[in-house]
Asker: 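Submitted below is the structure of interest, expressed as structure tokens.
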Number of protein chains: 2
Amino acid sequence: MSRSPPPPAGAPRAHASSTAVARLAGVSQSTVSRVFSAGAAVSADVRERVLKAAAELHYKPNALPAILQTGRSGIVAVVVGGFYNPFFTEFLRCVTSLLRERRIETMLVDTSSDDNLDDIVGELSRYRIDGVISALAIRSTRVARKLEGAGIPIVAVNSKKFGNLRTVSTDNRSAGALAADLLIDGGCRTLAYLAGRESTAQTERQRGFLKRINDRQVAPPQHVVAGFSYEEGYAAALELLSSGSRPDGIFCVNDLVAIGALDAIRIEFGLSVPGDIQVVGFDDIPMAGWRGPDLTTFHQDMDALALGSVTLLAEAAPSRPIVIPPRLVLRGTTRPRDVAVTP
Amino acid sequence: MSRSPPPPAGAPRAHASSTAVARLAGVSQSTVSRVFSAGAAVSADVRERVLKAAAELHYKPNALPAILQTGRSGIVAVVVGGFYNPFFTEFLRCVTSLLRERRIETMLVDTSSDDNLDDIVGELSRYRIDGVISALAIRSTRVARKLEGAGIPIVAVNSKKFGNLRTVSTDNRSAGALAADLLIDGGCRTLAYLAGRESTAQTERQRGFLKRINDRQVAPPQHVVAGFSYEEGYAAALELLSSGSRPDGIFCVNDLVAIGALDAIRIEFGLSVPGDIQVVGFDDIPMAGWRGPDLTTFHQDMDALALGSVTLLAEAAPSRPIVIPPRLVLRGTTRPRDVAVTP
DNA sequence: TTGTAGGCGTTATCAA
DNA sequence: TTGATAACGCCTACAA
């Protein structure tokens, strides 16, 4: 029997195979296989002998041949769009936790844009991943089409729906409308919106906000494009206030931008929040609850988003989009109020 | 030729194999394999024909048989100890980015404790991962030993060294000493330390801090066990100050604890920082640089930690531990000073 | 309950 | 430069 040359000293010794275990236990390879696959019929005596041999050889079943055989890898790729934003890391936490419960492994992909998602998924498909969960929304038809061509089920969060794409979203538009109500009911009359860059979530929030403002016959808000980071929020607020305008209510595309804006308003301009200006964010990241920012915001229900993603991915065929309602979290950057807010 | 039954309608169609491509291109399977493995000799003519056929069939080489054959998967598991702490997420960001450059995939593991790391790695070894990078330090000999038994190279950050374990660490002890110097030179005489729970990093920071304080003949600091989160830092500061003591300098085990403490000090007690109390953190997470906290802290060089981890993992045999110097970042929670700090 | 044999889709080896 | 053939380690019939 021909054998491979011995591994160089110091190198991790090769993994034992089921054949090796079988030899040591004096049984056939298939018997070893049976012992390690749930619900197969093996006599207690043989099972014990096999397990003993396996332990002795540090045997761990090799998943790869099984995948090769069955076509299912038990691996899901999770895509995030940057670790700077706790929205992504929280989502990642929830998803990996759910996947782990289901004994599925997570392959992590971090990318700044969905533009190259098709390439990344193509690359990952070499590992026969069972699916993709993307916290990054898909924007272009080109990418959506190529992803479909890869033949791997894909769930995207807060994304527009394309073809077979499965989507789970927070109801961003309603939240935008609610934000408008909140500020207007709180007495604001000169509103501003600190926007993100192109993304479905951002567009929807903005749309809901503008629509409700218009419906309630309040003057349209000033619009400043910030981005999604603390620094961009800070800079945008600086720009806004330096221009001489003094809005009394600001809705921000997310919490990082809102916290940046807050710091600029309070520290750079010495204005009071919510006295002079009320501020509303989006996401309810942990820092929004810190005593410093104490930010009023909309909670994105990560558990629901994650559970929805995992569930949709598990389904055989793409089903209807899942929409999760946001939850308003009232904190110290808006005026205390008794009136109930209705969508 | 026997064929498997056709896939159910709607199911993602099966991936094409190199054999299918070979048939279509009119060459042998080995030739297709050569075309897709770098640096193999194939005539331009044949290569073109194969690539055309491959494109037509959406062919992507299946990595699994290759792994089976070569024993190398191109997958590394990265372990983090909770997404609440930007230290972990930043590390994760740097590591995945470096791995991606090297065309290695990241399998993500999130676990609250290193106690079950051996089980997790055992589970992952089924995928024949090439190695493990753990941002979580390894504390117990039992786990270290079992990990060694798995025969997979492992790098741990800020960890004690066990056997074959490869380690990359920030020089936590020196940083602790520097923190003592900084506060004492800044005029502090009644110091306090907000500690984390058992971990090598925490112990080392504390040890360096205490030693330098002792060396400089300043009274030993008060010691409160907080933990590693914002909430725990807040609670610990509350406890410390409610007990009636008024330290004038506090060193915190990490930035989250420090920011929690800051909020308690400023908001709950109305004290001035750095006027009444100076505060020093550790890690230099992004929030430490926000205008609100504006926290003086020690920067952990994530790029260096990540690069060290990836490099150590790539080495054939475990080599010497890598130690990264921390960098003091002076901000607004300590008094401005001109004197240079020397270790 | 256990063993035998074929096949999954690559890489590696050797011959042509 | 190309092709045939043997692994890699498991799962899945099917036979004993």
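Quick caveat, the model's predicted, so the values are computed rather than measured.
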Asker: For the side chain of B:Ser17, starting at C-beta, report the closest nucleotide among C:dT2, D:dT1, C:dT10.
Answerer: C:dT10
Asker: When you measure only distances, ignoring hydrogens and angles, does the side chain of A:Gln69 come within 3.5 Å of the base of C:dG7 through a donor and an acceptor?
Answerer: yes
Asker: Of the candidate nucleotides C:dC8, C:dT11, C:dT2, which contains the atom at the shortest distance from the side chain of B:Thr70?
Answerer: C:dT11
Asker: If only atom types and distance count, is the side chain of A:Lys161 paired as donor or acceptor with the main-chain N or O of A:Leu165 below 3.5 Å?
Answerer: yes
Asker: Does a donor on one side chain and an acceptor on the other come within less than 3.5 Å for B:Gln29 and B:Ser18?
Answerer: yes
Asker: Quick one: B:Arg23 CZ to D:dA4 P, roughly how many Å, whole number?
Answerer: 14 Å
Asker: At 4.0 Å (heavy atoms only), tell me whether A:Ser18 reaches a base, stays on the sugar-phosphate, or touches nothing.
Answerer: sugar-phosphate
Asker: Of all the choices, D:dG9, D:dT2, D:dC11, which nucleotide is nearest to the side chain of B:Thr31 once you look at every atom?
Answerer: D:dT2
Asker: Between C:dT10, D:dA4, D:dC11, which nucleotide gets closest to the side-chain atoms of B:Ala66?
Answerer: C:dT10
Asker: Mind calculating the distance between CZ (B:Arg47) and C1' (D:dT2) to the nearest angstrom?
Answerer: 13 Å
Asker: Measuring from the side chain of A:Leu68 (C-beta onward, heavy atoms only), which nucleotide among C:dG3, D:dG9, D:dT1 has the closest atom?
Answerer: D:dG9
Asker: Rounded to the Å, how far apart are A:Arg128 CZ and C:dT10 C1'?
Answerer: 11 Å
Asker: Between C:dG9, C:dT1, D:dC10, which nucleotide gets closest to the side-chain atoms of B:Asn62?
Answerer: C:dG9
Asker: Determine, stepwise, if the pair A:Glu90 / A:Arg93 fulfils salt bridge (Lys or Arg N to Asp or Glu O under 4.0 Å).
Answerer: CA-CA 5 Å; A:Glu90 272 296 295; A:Arg93 182 180 65 75; 2.9 Å; yes
Asker: Could you walk me through whether B:Tyr59 and B:Leu24 pass the side chain to side chain contact (heavy atoms under 4.5 Å, CB included) test, one step at a time?
Answerer: CA-CA 12 Å; B:Tyr59 171 71; B:Leu24 182 60; over 6 Å; no
Asker: Taking only the side-chain nitrogens and oxygens of B:Ser28, find out if one of them lies under 4.0 Å from OP1 or OP2 of D:dT2.
Answerer: no
Asker: Just the rounded figure in Å: distance from P of D:dT12 to CZ of A:Arg72.
Answerer: 12 Å
Asker: Distance check needed: D:dC10 P versus A:Lys60 NZ, whole Å only.
Answerer: 13 Å
Asker: For B:Leu64 and B:Ser30, find the nucleotide of DNA chain C closest to each by heavy atoms; which residue's nucleotide sits nearer the 5' end?
Answerer: B:Leu64
Asker: Nearest-Å distance, CD (B:Gln29) to P (C:dT13)?
Answerer: 15 Å
Asker: Roughly how many Å is it from CZ in A:Phe36 to P in D:dG9, rounded to a whole number?
Answerer: 15 Å
Asker: For B:Tyr59 and B:Arg34, take the nucleotide of DNA chain C holding the closest heavy atom to each; which residue's nucleotide lies nearer the 5' end?
Answerer: B:Tyr59
Asker: Check the angle between the aromatic planes of A:Tyr84 and A:Phe88 and answer parallel, tilted or perpendicular using the 30° and 60° thresholds.
Answerer: perpendicular
